[in-house]
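Single-structure report; data block below.
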Amino acid sequence: MNLFDAVIIGGGACGLMCAVQAGFLGKRVLVLEKNSKPGAKILISGGGRCNYTNLNVSAANFISQNKHFCKSAFSQWTVDDTITFFETYGITGQEKTLGQLFPVSNKAQDIVAVFTNLCKELGQEIRCNCEVKAVRKTADGFRVEYEENGIARSLSAPKLVIASGGLPIAKMGATDFGLRAARNFDLTVTETAPALVPLTITGKDSEWFAALAGNTIYSRVWNNKASFEENILFTHWGLSGPAILQISSYWQPGEEIFMDLLPSGDISERISHEREHNGKKLLLNFLAGIYTKKFADALGKYLPVDKNLASLSRREVDAIRQFIHHFRVKPAGTKGYDKAEVMRGGVSTDELNSKTLESKQVNGLFFGGECVDVTGWLGGYNFQWAWASGYVIAQHL
Ligand SMILES: Cc1cc2nc3c(=O)[nH]c(=O)nc-3n(C[C@H](O)[C@H](O)[C@H](O)COP(=O)(O)OP(=O)(O)OC[C@H]3O[C@@H](n4cnc5c(N)ncnc54)[C@H](O)[C@@H]3O)c2cc1C
């Protein structure tokens, strides 16, 4: 006899939302979670404050081989639904920047508590320290084999939800289980890569970047697929900061990225304006006024910073303009899954019904959250996908 209507693998954002929503519909589920507590990534998200959604969510903020796939889930569970849901359980949101919503309390644990309290009230069991090792289809559902505190166990359920997340940060519980399970069911998995991840610089430019460690510059960063205007941060090993994390999701090894280090205006116009009143000013001091002294000093490697503004030739001003507004970098790589916020790629959207997130090939098998090939931008988009996909799956258990 099945004790549960469904087993959910993974007690993260998607699995917890799915368990609660299934509970509202009177369905009994069991959540199997590898860690000793649910919601590990929610707890560390947004620097421990949890940027739990974004006011401006649309399909354009997601990367997927099928850019339309997420639309159905987002129409079934909207940003307003997320806001209302959390408000109902005592969490008011505040917008920090660019539509990013955080709890007023600034405590990610408040978000996790909503789910653990609701699961308790609804009688939904979250069984921790349980790592699922294998799943297989049976005549009337699925057999799930797992280890609870190292002891092998198994159980059956008519429906199975795989919400085991992506590959980033193994020490927080991340596994490749979702991808492995999909392949075992003969489902296609699209190529995966770390995303929302810092980029490394090696070779001849690396010392120049390292010397600038700690400098933040508001920039526009772009490649041939996307463009973002936010801060970049120089580090000892390369580049980080929100604009870099964003473009990293669109970056392929070997490609260049481009930066406008002064998106608010044209540097040559600013030079000619300054020159009229202050022609004796050194380019170094002029640049230090826009950026920092450290950054202006470092620009001396490429620009004639020892010259005064009046003595700059037209060709030199053009070179400065090109450098500042069209700064090019060829990253060596990324900081990898240990530093990535999400995984790009995953279970192919071709395999899933976009309205239900059920496998087209295997009845009763659902995939949600990060293990699916739907990857959001930085800024609360990934949680919105996790909540929405969890909600949608719950409607069909
Ligand atoms: C540092 C950091 C900060 C982030 N900040 C934000 C943010 O502010 N806003 C935002 O929108 N997104 C943020 N993200 C991304 C966000 O955390 C994820 O997109 C989201 O958690 C995905 O939800 P999920 O339920 O699919 O996976 P997860 O939340 O990762 O949950 C999957 C769960 O499955 C468990 N599991 C894995 N394998 C097994 C197995 N074999 N058996 C049993 N359990 C298993 C894991 O332990 C985990 O608890 C951040 C990510 C990181 C790493």
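When a residue number appears, it is its place in the shown sequence, counting from 1. Counting starts at 1 for both ligands and their atoms, following the listed order. Side-chain atoms are counted along with the backbone in the values below, which use heavy atoms only and exclude waters and symmetry mates.
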Quiz prompt | Residues in side chain to side chain contact (heavy atoms under 4.5 Å, CB included) contact with His273, at least two apart in sequence or another chain | solution =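 His273 satisfies side chain to side chain contact (heavy atoms under 4.5 Å, CB included) with His277 once adjacent residues are dropped.
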[atom]: which protein heavy atom is closest, and how many Å away?
atom: atom 33 (C) of ligand 1; value: Glu33 OE1, 3.6 Å
atom: atom 18 (C) of ligand 1; value: Glu370 OE1, 3.2 Å
atom: atom 38 (N) of ligand 1; value: Thr175 OG1, 2.6 Å
atom: atom 27 (O) of ligand 1; value: Gly165 CA, 3.3 Å
atom: atom 28 (P) of ligand 1; value: Gly12 CA, 4.1 Å
atom: atom 1 (C) of ligand 1; value: Ile44 CD1, 3.6 Å
atom: atom 45 (C) of ligand 1; value: Lys34 CB, 3.7 Å
atom: atom 41 (N) of ligand 1; value: Val132 O, 3.1 Å

Once you restrict to heavy atoms under 4.0 Å, what part of [X] touches ligand 1? Side chain, backbone, both or neither.
X: Ala163; result: backbone
X: Ile169; result: side chain
X: Phe177; result: side chain
X: Tyr146; result: neither
X: Val342; result: side chain

Here's one to test your reading of the geometry: is the NZ or CZ of [X] within 45 degrees of the ring axis of [Y] and under 6.0 Å from its centre?
X: Lys281; Y: Phe286; answer: no
X: Arg49; Y: Phe102; answer: yes
X: Lys137; Y: Phe142; answer: yes

Quiz item: So, does Ser248 use its side chain to make a donor-acceptor pair with the main chain of Pro198 at under 3.5 Å?
Solution: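 Pair absent, no side-chain N/O of Ser248 close to backbone of Pro198.
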Quiz item: Under 6.0 Å between ring centres, would you say that holds for Trp377 and Phe228?
Solution: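 Yes; Phe228 has its ring centre under 6.0 Å from that of Trp377.
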Quiz prompt | Centroid-centroid under 6.0 Å between Trp387 and Phe85 rings | solution =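 Between Trp387 and Phe85, the centre distance exceeds or equals 6.0 Å.
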Taking only heavy atoms of [X], which atoms of ligand 1 are found under 4.0 Å from at least one of them?
X: Ser164; answer: 32 (C), 34 (O), 37 (C), 38 (N)
X: Ser45; answer: 3 (C), 4 (C), 5 (N), 6 (C), 7 (C), 8 (O)
X: Leu32; answer: 43 (C), 44 (N)
X: Tyr381; answer: 11 (O)
X: Asn35; answer: 47 (O)
X: Glu131; answer: 41 (N), 42 (N)
X: Asn382; answer: 11 (O), 12 (N), 19 (O)
X: Cys14; answer: 25 (O)

Out of [options], whose heavy atom sits nearest [atom]?
atom: atom 4 (C) of ligand 1; options: Gln384, Lys133, Met172, Glu341; result: Glu341
atom: atom 43 (C) of ligand 1; options: Ala340, Cys130, Gly178; result: Cys130
atom: atom 17 (O) of ligand 1; options: Trp385, Trp387, Phe383; result: Phe383

Please indicate whether [X] has more than 12 foreign heavy atoms, meaning atoms of other residues, nucleotides or ligands, lying under 6.0 Å from its [atom1].
X: Lys107; atom1: NZ; value: no
X: Lys339; atom1: NZ; value: no
X: Glu207; atom1: CD; value: no

Self-check item: Pairs satisfying ring pair (Phe, Tyr, Trp, His ring centres under 6.0 Å), at least one member in residues 36-58, at least two apart
Solution: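 Checked against ring pair (Phe, Tyr, Trp, His ring centres under 6.0 Å) - neighbours excluded - the pairs reaching residues 36-58 are Tyr52-Phe86.
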Quiz item: So which of Ile244, Ile247, Asn382 actually passes side-chain contact (heavy atoms from CB on, under 4.5 Å) with Leu196?
Solution: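 The passing option is Asn382.
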Exercise. Would you check whether Gly46 has a nitrogen or oxygen atom less than 3.5 angstrom from a nitrogen or oxygen atom of ligand 1?
Key: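 Yes, Gly46 has an N/O under 3.5 Å of an N/O on ligand 1.
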Self-check item: Heavy-atom pair of closest approach, residues Ser389 and Gly369
Solution: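 Closest approach of Ser389 to Gly369: OG-N, 3.0 Å.
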Practice problem: Rounded to the nearest 0.5 Å, what's the gap from SG on Cys18 to OH on Tyr391? Could you check? | Solution: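 Taking SG in Cys18 and OH in Tyr391, the distance rounds to 11.5 Å.
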Quiz prompt | Identified side-chain hydrogen bond (donor to acceptor under 3.5 Å, both in side chains) partner of Gln384 from the options Asn54, Thr82, Asp81, Thr78 | solution =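 Single pass found, and it is Thr82.
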Quiz item: Does Gly380 have a heavy atom less than 4.0 Å from any atom of ligand 1?
Solution: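 Gly380 counts as a contact of ligand 1 under the 4.0 Å cut-off.
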